[in-house]
Each structure stands twice: as C-alpha cells, then as structure tokens.
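Data first, discussion second: the structure below is written as structure tokens.
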Amino acid sequence: MLPFLKDNIWSVLLGINYLLVIIFSVLIVLKNRNPVKTLSYIFVLATLPFIGLLVYYLFGQDYRKDKIFEKNTSKITTD
C-alpha cells in the first residue's frame, strides 16, 4: 500500500479533493442562495484544487446570519 501511495500521491490527493468538491457542491446547492453566488463558489471549488475549499470555507459561510439566528432563538427560549 505504501509504495502505491508514494507513487500516486497527487492522484490520490486530487481524487480526495474532487470527492470533497462534489460533496460541497451538493451542500451549496441545497442552501438555496443567490444563483450567481452558488455557481461562482462551485466554479472556484472545481477549478482551484484545495485552495477552492479554503476560499469557500473562509468566505462562503455566512456566520453572521447564524449568530443572529442563535441570538434570536436564545431570546425566545429565555422569555
């Protein structure tokens, strides 16, 4: 197993990356966002191996909306 992995490390890493791209693409489509943003994130994921995942993780997540939602639900439960 180790010699195969040593000889084909880039193929294995790209295979893992494209598997992650497919998974994240499905998740992005299911979020039901603006279609332009959705297509642009999928394009970045597919064209920039590994960097695209990092870009989506840093800029594609809407943490502010989640925090606001958490604040509103905690107010409702404490009232």
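Quantities reported herein were computed from a predicted structural model and do not represent experimental measurements.
A continuous path of Ile, Leu, Val, Met, Phe, Trp and Tyr side chains, each step under 4.5 Å between heavy atoms, connects F24 with L58, placing both in one hydrophobic cluster. Hydrophobic clustering (side-chain heavy atoms under 4.5 Å, transitive across Ile, Leu, Val, Met, Phe, Trp, Tyr) keeps I23 apart from L30. Connection of F43 to I28 is not established within any shared hydrophobic cluster, with ILVMFWY side chains joined at heavy-atom distances below 4.5 Å, either directly or through further cluster members. In this structure, L20 is a member of the same hydrophobic cluster as I9, with clusters built from ILVMFWY side-chain heavy atoms closer than 4.5 Å. In this structure, L13 is a member of the same hydrophobic cluster as L48, with clusters built from ILVMFWY side-chain heavy atoms closer than 4.5 Å.
A distance of 11.0 Å separates OG in S11 from CD1 in I16, rounded to the nearest 0.5 Å. Atom CG of L19 and atom CG of L14 lie 12.5 Å apart (nearest 0.5 Å).
Residues V21 and L45 approach most closely at CG2-O, 3.3 Å, considering heavy atoms.
Side-chain contact between V29 and I42 is present, with heavy atoms from C-beta onward closer than 4.5 Å.
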